[in-house]
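Structure, as structure tokens:
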Amino acid sequence: MSDYQITDSDIDATLRYLEIFHPEQATRMFAENWLRFWKSKYRTIALDNLDSNKLEELFTAFEKSKGQNI
């Protein structure tokens, strides 16, 4: 996963998700930083067999960081 590069297509897809589930955070900068956050957490998530409740917990933690790159 370390060689994964975030693309405009990835950002656009994330924006569509945010517009539906978290419209107050639906900005391009937030979406790009959210993808960077996911990239950094991918291994942990895979090892934990992520469930939907954990996904919302991660979003809440990221949102509290004001969408800053972690």
Side-chain angles (χ1 to χ4, degrees):
M1 190 67 174
S2 63
D3 59 346
Y4 166 72
Q5 298 297 315
I6 295 170
T7 67
D8 286 337
S9 177
D10 297 332
I11 295 168
D12 291 342
T14 303
L15 271 171
R16 286 191 298 276
Y17 168 85
L18 290 170
E19 288 168 354
I20 294 167
F21 295 103
H22 301 282
E24 67 284 355
Q25 299 296 350
T27 67
R28 190 163 187 82
M29 183 178 3
F30 190 94
E32 188 172 353
N33 287 336
W34 177 235
L35 288 168
R36 287 186 181 137
F37 172 82
W38 272 106
K39 183 178 174 181
S40 71
K41 301 296 181 194
Y42 184 74
R43 178 171 164 67
T44 302
I45 291 166
L47 294 173
D48 286 346
N49 295 316
L50 182 69
D51 64 33
S52 61
N53 292 329
K54 186 69 173 174
L55 177 62
E56 279 302 309
E57 288 175 26
L58 286 170
F59 183 87
T60 300
F62 180 75
E63 187 176 37
K64 286 181 181 177
S65 77
K66 308 245 188 287
Q68 300 300 312
N69 190 19
I70 295 177

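Residue numbers start at 1 and run along the sequence shown. Values in this document were obtained by computation on a predicted structure and should not be read as measured data.
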Side chains of residues 12-21: which donor-acceptor partners sit under 3.5 Å, not counting sequence neighbours?
unit_1	atom_1	unit_2	atom_2	d
D12	OD1	R28	NH1	3.0
T14	OG1	D10	O	2.9

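- Here OG1 of T7 is found 10.5 Å from CD of E32. Values are rounded to the nearest 0.5 Å.
- How far CD of Q25 is from CH2 of W34: 10.5 Å, rounded to the nearest 0.5 Å.
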